[in-house]
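Step one of this worksheet: look at the structure below.
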Amino acid sequence: MTSAIAHLDSGRYARCIEASKRVRWEIERDVIRGRRFDYGKTFMPAGLSLVGELEFLSPSDQRLLSQVQGRTYAYIFGLVERFISAKVLDISREHWFGDQLALEALVRMGDEEIKHQEMFRRLETQMTADMPAGYQQTAEPNDVARAVMGKSTWAVMALTLHIELFVQAHYRSSIEPQAELSDLWKDVFLFHWKEEAQHAVLDEMELRREDAKLTPDERAAAVGDFLELVGAVDGVLQAQAAADARYFIGIAHGKFDATQCERIEQGVLKAYRWQYIVSGATDPRFQKILFGLLDAAQVERIAGALAPLAYAVPCAPVMAQAA
C-alpha cells in the first residue's frame with residue numbers, strides 16, 4: 001500500500017470514528033424511553049412485508065402479519081450481528097500494531113453491534129410478554145455465528161456489507177416514509193440505521209483490504225464461500241418463514257383454507273427472501289463494490305446462483321404503496 005493510499009484510508013477511518021461519536025445513542029435513554037409497542041399500528045411496511053399481495057387478508061390481519069414479520073426482523077438482525085461483532089473483533093487484530101484509527105473504528109463498530117444485539121433481545125422480551133404465545137426462533141445465534149466464522153474473511157465481509165447496505169436501503173425507502181408505523185418500532189430502526197451507515201463504510205474498506213491479499217484461486221474459493229453463506233441464509237429464512245406462517249395462522253382473526261394457508265407461507269418466504277437477500281443483492285452500491293472486485297465469470301457465477309430467488313421482488317401495487 002502506498003503512503004498516499006494509507007493516508008486516504010486513515011482519513012476514512014477517522015471520519016467513521018467522528019460519525020460514531022456524533023450519532024452515539026443509548027438503548028433506554030434514546031430509543032425505548034419506557035415505551036412499549038403499539039399493536040394498533042403496523043410494524044413492517046408493506047414494501048417489505050408484501051402483505052398487500054395476500055389480497056384475502058383483512059386489514060387487521062395484514063397489520064398482524066406485519067407485526068409477526070417485524071418481530072422476526074428484529075430477531076434476524078440480532079442473529080446476524082452475533083457473527084458480525086465476532087468478525088469485526090477478529091479482523092481488528094490486524095490493526096493492533098498498525099493504524100490506530102482503524103483499530104478504534106473497528107472496536108467502536110464491534111461495541112455498537114453488541115449494543116444492537118442487547119436492544120433486540122430487550123425488544124423480544126417485550127414482544128414475548130405482549131404477543132400471543134407460540135412464536136418460535138428457528139436458528140440459534142451462536143450456532144449460526146460459528147458456521148459463518150468458518151468461512152473466509154472475504155466471504156464474511158461481503159455478506160456483512162450486503163446486510164448493512166440493505167439496512168440503509170430498507171430504512172430510507174420503506175420505513176422512514178411511512179407515518180402509520182408503530183412509533184417505537186420505527187424509532188428502533190431509525191437509531192439502528194444511524195450506526196449502520198458508518199459500519200457499511202468500514203465493511204467496504206475491510207473487504208477491499210482483504211481482497212488485495214488474495215490470489216485469483218483464493219478469490220474464486222472466496223466467491224464459493226460467499227454463495228454458501230447466502231444459501232445458508234436462505235435455509236434460515238425458509239425455516240423461519242414456515243414457523244412464522246404457522247404462528248400467524250394460529251393467532252389471526254380470520255380462518256383460512258388450505259390454499260390460503262399455503263399462500264401465506266409462500267408469501268412470508270417471498271417477503272423474507274426480498275428483505276434479506278434480493279433487496280441487498282440488487283442494491284446498486286453493493287453490486288458496484290462487489291462486482292468491481294470480480295472477473296466476468298465470477299459475476300456470472302453469482303448471478304446464476306441467485307437467479308432462483310429473482311422472483312422475490314414486490315409486485316407493482318406494493319411498490320406504489322411503499323413509495
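No side-chain donor-acceptor contact under 3.5 Å links K87 and T160. For Q178 and T42, the side-chain atoms include no donor-acceptor pair closer than 3.5 Å. T72 and D244 are linked by a side-chain donor-acceptor pair at a separation below 3.5 angstrom, with hydrogens and angles left out of the test. Side-chain atoms of E206 and H95 include a donor-acceptor pair closer than 3.5 Å. In this structure, a donor-acceptor pair under 3.5 Å is absent between the side chains of Y39 and R63. A donor-acceptor pair shorter than 3.5 Å can be found between the side chains of H170 and S279. Defined by atom type and a distance below 3.5 Å, a donor-acceptor pair is missing between the side-chain atoms of D38 and S182. For the residue pair Q287 / D283, no side-chain donor-acceptor distance below 3.5 Å is found, with atom types taken as modelled. Between the side chains of E113 and H199, at least one donor-acceptor pair of N or O atoms lies under 3.5 Å.
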Apply the test side-chain contact (heavy atoms from CB on, under 4.5 Å) to residues F248 and V268: give CA-CA distance (whole Å), side-chain angles for both, the deciding distance (0.1 Å), then the verdict.
-> CA-CA 10 Å; F248 166 73; V268 174; over 6 Å; no
Give the C-alpha distance, both sets of side-chain angles, the deciding distance and a yes or no for side-chain contact (heavy atoms from CB on, under 4.5 Å) between R24 and D111.
-> CA-CA 11 Å; R24 177 76 188 184; D111 171 67; 2.8 Å; yes
Decide salt bridge (charged side-chain N to carboxylate O under 4.0 Å, His left out) for D90 and R93; before the verdict, give the C-alpha distance in whole Å, the side-chain angles of both, and the deciding distance to 0.1 Å.
-> CA-CA 6 Å; D90 179 52; R93 73 179 67 187; 3.0 Å; yes
Donor-acceptor pairs are to be reported for all side-chain atoms of residues 289-304 against protein atoms at under 3.5 Å, with residues two or more places apart or in another chain.
from : atom 1 : to   : atom 2 : distance (Å)
D295 : OD1    : A297 : N      : 3.2
D295 : OD1    : Q298 : N      : 2.8
Q298 : OE1    : D295 : N      : 3.1
R301 : NH1    : A220 : O      : 3.2

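Among all heavy-atom pairs drawn from Q117 and S85, the shortest one is NE2-OG, 3.2 Å.
In terms of modelled atom types and a separation under 3.5 Å, the side chain of E196 and the main chain of W193 share no donor-acceptor contact. The closest donor-acceptor contact from the side chain of E28 to the backbone of R33 lies under 3.5 Å. Between the Q136 side chain and the Q240 main chain, no donor and acceptor come within less than 3.5 Å of each other. Checking side-chain atoms of R36 against main-chain N and O of I32 turns up no donor-acceptor pair under 3.5 Å.
The cationic atom of K115 (NZ for Lys, CZ for Arg) lies less than 6.0 Å from the six-membered ring centre of W25 and within 45° of the ring axis. Taking the ring centre of F191 as origin, the terminal cationic atom of K194 falls inside the region bounded by 6.0 Å and 45° from the ring axis. Judged by the 6.0 Å and 45° rule, R71 forms no cation-pi pair with F43.
Applying the salt bridge (Lys or Arg N to Asp or Glu O under 4.0 Å) test to R82 and every residue at least two apart in sequence or in another chain returns nothing. In terms of the salt bridge (Lys or Arg N to Asp or Glu O under 4.0 Å) criterion, D225 has no residue partners (sequence neighbours excluded).
I249 and I251 fall within a single hydrophobic cluster, where Ile, Leu, Val, Met, Phe, Trp and Tyr are joined by side-chain heavy atoms under 4.5 Å apart, directly or via other members. Taken together through direct or relayed side-chain contacts under 4.5 Å among Ile, Leu, Val, Met, Phe, Trp and Tyr, I114 and M119 form parts of separate hydrophobic clusters. Note: the hydrophobic cluster containing V68 also contains F56 (ILVMFWY, side chain heavy atoms under 4.5 Å, direct or indirect links).
With respect to R12 and D9, no salt bridge is recorded, no charged nitrogen being found less than 4.0 Å from a carboxylate O.
Screening F120, Y73, Y171 against H192 for a ring-ring contact (aromatic ring centres under 6.0 Å, His included) leaves a single residue, F120.
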